[in-house]
Amino acid sequence: MTAQRYDVAVVGGGLAGIAAAIRLADAGATVAMLEGRPRLGGATYSFRRGELTVDTGQHVFLRCYTDYLALLHRLGTADRVELQDRFEVPVLAPGRPVHRLRRTRGLPAPLHLLPALLGYAPLTVTERLRALRAAAALRFVDPDAPASDERSLGEFFAAQHQSPDTVRRLWELVAVSALNVGPDGASLALAARVFRTGLLTSARAGDIGRPRVGLSALHADPAARVLGELGTTVRTRCKVERIARCGTEFLLSTSDGEVPARSVVLAVPHPAAARLVPAGAVEAAQRWAELSATAIVNVHLLYDRPVTEHGFAAAIDSPVQWLFDRTRESGLRSGQYLAVSLSAADALLRRPAAELIAEQRDALAALLPGARGAQLTDAFVTREPRATFRQAPGTRALRPATRTALPGLALAGAWVGTGWPDTMEGAVRSGNAAADAIADHLGSSAENPRSPTHLGGSIMSTARAGASDAEPAR
């Protein structure tokens, strides 16, 4: 590592770090990105298994993910995702016909979901009517109110007289996959952000998007290319061991040597951030450990023939939660590749892979008639023990602000206090906010020849580029 002095050192090459680095480099800052792993992408990456491209997790997004979609435009990969024309989820259950939960075209929010809830066959008529009342009540839960964060989503559903079957067969379809924890352990504020922004405020906001390529081809590889074109120094396998404040600047000690920088974006998971954050930057960084973590487990099943036409589907009354057809993205040449994504999966981490595979194979056979005579050609399990922070009541007070008490040091990551759940959108929003904080710092420095107006204006122009198709839900 050379002794070049950078305007910004971005520590961490996940989506938050990528968003911050590109935003600042677009504005003219000299940037060094330092990533301890051998690749960029953070939790959204792919690996090779023989001839297959395998994603570590099954990531989807919504039309209301405006910052994430803008980043894809900037990376030049917006054409590598597909976005529904309207929200629609096939819901599978053993012994039942497929039910399609979909919004109605032409109706404004929240009326666009009225026919879907009234016609939701897995619930009784009484349960459907009560679900409508609960949806209406969710619209008035303020996701930014501290009081909302002190309550659990389960408490809210109990107050709205939602039966256990209603919670399990309807609300958990979204809540568990979005928050990676069951309703009784989920923050009402974060749940309200999901339901209000994604489903209840704008008719099109909840339309679901999926990658058409592996996650590394969608995020990491294009980010390395864009950053290279911008002249950014990208160092992988470069672990940051210490960040020290030296006068008005910073010195980062890494496995490759020392890196001097006028400012730092610390965009790593909260356990690493607590170890690296310099003294005096934040109060009680040790409390970040209370954010904890929850797991996601994926069971990958390759069949000798196609067994379903569903690109993705949810399941109820089944060990399956969500299934995804990964055949095209993986490069599989024959048969079909299904991945079952299991959220809130702490209890599954120690179960043998053979048990999980057998359980999901049998469960898919109960849901998909085509799977009953098909043979598995391969099967494996991937586990993400720290997939997200635990999005429980009270976490709002634990999530720090982007700006710290040290001028020139900003925090980024989906765990930072964005008001959003631990999602790709939350990560990108945090990176953008960190870039804005650093731009203010660099622009206000008397030593910097760029004026605050120039630097900030460049960043705002970058944020707007490509966002016109995103249709913000707010």
Side-chain angles (χ1 to χ4, degrees), residues 1-14 16-38 40 42 223-224 227-228 230-286 288 400-413 415-416 430-431 433-450 452 455 459:
M1 182 73 72
T2 66
Q4 177 182 346
R5 173 175 171 271
Y6 295 92
D7 288 333
V8 191
V10 176
V11 183
I18 288 169
I22 291 178
R23 198 169 172 95
L24 286 161
D26 276 338
T30 58
V31 180
M33 171 170 279
L34 312 174
E35 169 56 58
R37 288 164 289 194
L40 302 182
L227 289 168
L230 290 168
T232 296
T233 298
V234 177
R235 293 284 187 269
T236 56
R237 294 187 173 90
C238 180
K239 183 178 180 180
V240 176
E241 298 163 346
R242 184 170 179 266
I243 302 173
R245 180 76 165 173
C246 298
T248 60
E249 300 188 358
F250 297 88
L251 187 65
L252 292 82
S253 300
T254 82
S255 54
D256 286 348
E258 294 186 333
V259 181
R262 298 175 55 209
S263 57
V264 174
V265 174
L266 187 53
V268 294
H270 63 84
R275 292 193 301 269
L276 289 174
V277 66
V282 297
E283 293 184 2
Q286 69 275 9
W288 297 346
T402 297
R403 297 172 188 259
T404 71
L406 292 182
L409 177 69
L411 303 176
W415 61 278
V416 173
S430 76
D436 291 345
I438 296 302
D440 288 346
H441 170 71
L442 294 177
S444 62
S445 171
E447 183 184 345
N448 194 312
R450 291 185 291 270
L455 194 62
I459 285 184

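Just so it is clear, the structure is predicted and the values come from calculations on it, not from any experiment. All values below come from the heavy atoms of this structure, side chains included, with hydrogens, waters and symmetry mates left out.
- Between P278 and L406, some side-chain heavy-atom pair lies under the 4.5 Å cut-off.
- Counting heavy atoms from C-beta on, the side chains of T30 and V8 never come closer than 4.5 Å.
- Residues A29 and L442 share a closest heavy-atom pair of CB-CD1, 4.3 Å.
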For this session: For side-chain contact (heavy atoms from CB on, under 4.5 Å), just list the numbers for L266 and I243, CA-CA rounded to whole Å, side-chain angles, deciding distance to a tenth of an Å, and then say yes or no.
Result: CA-CA 10 Å; L266 187 53; I243 302 173; 3.9 Å; yes
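- Within the cation-pi definition used here (under 6.0 Å to the ring centroid, within 45° of the axis), R262 does not qualify as a partner of Y6.
- With rounding to the nearest 0.5 Å, the separation of OG in S263 from CG in D440 is 11.5 Å.
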Problem set entry | side-chain contact (heavy atoms from CB on, under 4.5 Å) between T232 and V10, worked out | CA-CA 10 Å; T232 296; V10 176; over 6 Å; no
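- With a 4.5 Å cut-off on side-chain heavy atoms, T233 and V31 do not count as touching.
- Considering every non-hydrogen atom in both R245 and G247, the closest pair reads NE-O, 3.2 Å.
- Between atom CZ of residue R275 and atom NE2 of residue H270 there is a gap of 11.0 Å, rounded to the nearest 0.5 Å.
- Classification of R237 and D256 as a salt-bridged pair fails, no side-chain N sitting under 4.0 Å from a carboxylate O.
- Here the closest heavy-atom approach between residue A285 and residue V282 is recorded as CB-CG2, 3.7 Å.
- Here the side chains of F250 and V259 are not in contact, with every heavy-atom distance at 4.5 Å or above.
- The two atoms that bring W415 and A273 nearest to each other are CZ2-CB, 3.6 Å, heavy atoms only.
- By the 4.5 Å heavy-atom criterion applied to side chains, L40 and V234 are counted as neighbours.
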For this session: Go through K239 and E35 one step at a time and tell me if the salt bridge (charged side-chain N to carboxylate O under 4.0 Å, His left out) criterion holds.
Result: CA-CA 6 Å; K239 183 178 180 180; E35 169 56 58; over 6 Å; no
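- To the nearest 0.5 Å, atom CZ of residue R23 and atom CD1 of residue I18 are 15.0 Å apart.
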For this session: Run the numbers on M33 and L227 for side-chain contact (heavy atoms from CB on, under 4.5 Å), then give the verdict.
Result: CA-CA 9 Å; M33 171 170 279; L227 289 168; 4.0 Å; yes
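- Within the 4.5 Å cutoff, the side chain of V264 has heavy atoms near those of the V11 side chain.
- Nearest heavy-atom pair, G280 versus A405, reported as atom, atom and distance to 0.1 Å: O-CB, 3.4 Å.
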For this session: Run the numbers on T254 and R235 for side-chain contact (heavy atoms from CB on, under 4.5 Å), then give the verdict.
Result: CA-CA 10 Å; T254 82; R235 293 284 187 269; over 6 Å; no
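- Using a 4.5 Å cut-off on side-chain heavy atoms (C-beta onward), L411 and T402 make no contact.
- Taking every heavy atom of both residues into account, I438 and G408 meet most closely at CD1-O, 3.4 Å.
- S253 is not listed as a side-chain neighbour of V240, based on a closest heavy-atom distance of 4.5 Å or more.
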